[in-house]
Amino acid sequence: MKKRNLHTKKYQDISSQREEINRKRSKPYMPHLPNKKKIFGRIEIVAPRVFSLFGDNYSFFLDFIEDVKVNVQENNKVLINLSQVEDVKVSALLVFYANIEQSQKQYNSKAIIKTTVCKTRFISMIFEKFGIWKLTNEDRHRPVYPKQPGLELEICTASVGMNRNNEDSRLQLRKVINYTKKSLENTTLDDDNDSAFAAITESVSNVGQHAYDNQFFSEEFEGYLKNWWIIVHKIGDQLFISVYDMGAGIPDTISNKPGIQALISSIAKAVNLPIISLGDGSRIKAAVEYGTSRFKVDNRGKGLSEAKEFVANNPEGELLIYSGFGSYTFCSINAEEEVENLPKCFAGTLIQWNLKLENSYE
Amino acid sequence: MSDFVIIDIGLDYTDLPYGRDERDGDLNGKHFRETVLLPALKENKKVIIEMSNALGYGSSFLDEAFAGLIKHGGFTKDELFERLEFKYNKESVKRNIYKYMQEAEEGKKKK
């Protein structure tokens with residue numbers, strides 16, 4: 001037996017203190033989860049090479065988002081390793097931004113998620129341009145790139161549940177509308193500015209009216225977490241607009257609309273399927289058609305049909321909606337609609353408009 | 001009762017008229033109808049709605065504000081067509097307002 005001295009007693013005391021701290025932390029024992037690498041006390045999560053919700057990238061990206069959320073929920077601070085990111089699509093960036101912000105609000109900490117530097121200057125510029133570094137409070141330590149005034153807009157966000165004044169929401173929407181109007185100036189869509197206004201504001205209104213309705217949640221959604229996020233990006237002759245919320249999702253919220261069951265029945269009949277087999281994609285289609293259908297009882301529910309109309313007015317436009325286990329796509333070039341099942345549940349709703357802008361003086 | 005009054009939505013109410021009711025914030029179609037339109041119709045024979053100074057119009061706002069006069073305000077479509085005048089360069093938006101009022105009248109008759 002080794003004789004104890006002052007030196008070993010000191011080590012013993014430190015070890016006892018560490019054991020006491022760990023005991024108080026009461027982290028659940030989860031043997032099935034591999035040990036994640038920690039850097040400066042943060043769990044490192046490697047971001048996928050491509051930030052995209054399309055094709056094969058969909059599942060990889062959502063797995064990554066889920067990984068971040070799970071680790072934050074386990075009381076871990078997270079470091080997102082962006083060094084492998086080579087390509088970023090606006091809708092995926094919007095979802096990424098929204099999940100970081102929601103985590104910050106839920107755990108009341110701007111420091112809960114941090115990021116590493118990016119692989120390339122181009123990718124770093126994208127993250128800076130849309131406000132990611134500002135969100136994570138890393139803007140002071142990241143390179144700043146020349147801005148093009150009026151041509152860039154950070155991701156806009158507001159809460160629908162905060163207060164009745166709603167001035168912040170209006171301020172954010174005003175930025176989006178002004179940017180969109182400016183992008184549409186001198187294009188063939190210029191005369192249709194009201195359809196852009198209607199499409200965007202009706203989508204935001206749907207968030208306030210339906211998405212965070214407490215009847216769809218087992219626990220009440222706190223007001224400050226009832227958010228919407230919008231990204232608008234004009235690049236060359238393409239305009240991308242995406243609206244995202246983390247609410248109940250269209251397949252659930254449409255169940256409340258009077259007359260919707262009759263519409264869903266007619267869609268099921270048209271595709272020769274029993275109603276029970278209709279996927280979430282078809283339910284999204286029903287929600288889009290509801291506003292102009294003969295089944296609606298009152299004049300409500302036009303929001304998604306206006307979202308489609310905005311694209312229909314553009315010769316090469318596309319509308320994409322992701323919600324629940326379904327997606328809906330409408331292409332104006334051939335007026336074709338497509339519904340698909342998603343391999344993983346998409347929490348909330350994402351509406352994206354892709355528009356080709358043609359100069360009106362061509 | 002005065003002859004007419006002009007209401008400039010963009011300057012007198014909000015430059016961002018969207019949303020149906022209080023779930024959309026404090027400035028919405030229902031609030032506009034109750035606090036601006038109804039008093040104006042009560043005190044004036046004709047109400048001229050100047051729409052050019054707003055950034056655009058959401059259908060929920062227009063439906064709740066104007067068709068709501070029929071659904072909740074006790075007006076008829078014919079009376080409103082006579083007493084309301086809309087000044088806006090987007091004919092499609094004006095047509096939609098008349099369509100919403102028409103549909104509200106038909107909906108009311110069905111009940």
Side-chain angles (χ1 to χ4, degrees), chain A residues 158-182 184 190-213 226 228 258 291-292 296-307 309-310 313, chain B residues 9-10 13-31 35 51-72 77 86 88-111:
Chain A
S159 169
V160 295
M162 278 304 287
N163 54 58
R164 289 181 170 227
N165 189 309
N166 227 29
E167 196 44 51
D168 185 48
S169 186
R170 290 185 174 275
L171 181 71
Q172 296 292 309
L173 261 182
R174 206 173 274 119
K175 286 183 193 173
V176 169
I177 298 292
N178 282 328
Y179 181 97
T180 305
K181 283 170 90 72
K182 194 171 171 59
L184 296 178
D190 204 0
D191 287 340
D192 259 290
N193 278 354
D194 269 23
S195 69
F197 182 100
I200 294 167
T201 57
E202 288 297 311
S203 299
V204 167
S205 178
N206 275 345
V207 177
Q209 293 280 338
H210 309 296
Y212 295 105
D213 193 328
K226 296 181 181 180
W228 54 257
T292 51
K296 70 177 171 66
V297 168
D298 54 26
N299 230 358
R300 299 177 73 114
K302 289 191 287 292
L304 287 178
S305 51
E306 284 178 328
E309 193 183 310
F310 177 36
N313 293 333
Chain B
I9 297 181
Y13 191 68
T14 177
D15 65 339
L16 209 64
Y18 81 96
R20 191 173 283 279
D21 54 36
E22 55 277 353
R23 280 177 290 185
D24 295 305
D26 55 340
L27 301 175
N28 56 69
K30 182 181 170 193
H31 182 263
T35 62
M51 299 174 68
S52 309
N53 293 309
L55 290 171
Y57 293 88
S59 60
S60 296
F61 180 93
L62 296 175
D63 180 65
E64 192 63 39
F66 298 105
L69 290 168
I70 298 171
K71 283 186 259 192
H72 310 291
K77 173 203 78 177
F86 299 96
Y88 197 29
N89 59 356
K90 304 233 165 90
E91 290 300 322
S92 60
V93 175
K94 290 197 291 188
R95 275 200 301 272
N96 281 341
I97 297 174
Y98 288 119
K99 189 178 86 167
Y100 302 151
M101 291 196 280
Q102 175 77 42
E103 287 170 351
E105 179 102 334
E106 286 165 8
K108 208 171 172 183
K109 282 179 183 167
K110 278 183 192 169
K111 285 184 185 171

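Labels below follow one simple rule: chain letters A, B, ... track the order of the sequence lines, proteins then strands, and each chain is numbered from 1. This structure is a prediction, so every number in the text was calculated from the model and none was measured.
Using a distance-only test at 3.5 Å, with no hydrogens or angles considered, no donor-acceptor pair links the side chain of Tyr18(B) to the main chain of Val204(A). The closest donor-acceptor contact from the side chain of Asn313(A) to the backbone of Glu309(A) lies under 3.5 Å. Panel note: side chain Lys77(B), backbone Ile70(B); no donor-acceptor pair is recorded below 3.5 Å.
No side-chain N or O of Glu64(B) forms a donor-acceptor pair with one of Asn28(B) less than 3.5 Å apart. Asp194(A) and Tyr88(B) share a side-chain donor-acceptor pair at under 3.5 Å.
Looking at Asp21(B), both its backbone and its side chain come within 4.5 Å of chain A, counting heavy atoms on both sides. For Ser169(A), the part lying under 4.5 angstrom from a heavy atom of chain B is the side chain only. Looking at Asn178(A), only its side chain comes within 4.5 Å of chain B, counting heavy atoms on both sides. With a threshold of 4.5 angstrom between heavy atoms, Thr14(B) approaches chain A through side-chain atoms but not through N, CA, C or O. For Glu202(A), the part lying under 4.5 angstrom from a heavy atom of chain B is the side chain only.
When each of Ser60(B), Ser59(B), Ala54(B), Ser92(B) is checked for heavy-atom pairs under 4.5 Å with chain A, Ser59(B) comes out on top.
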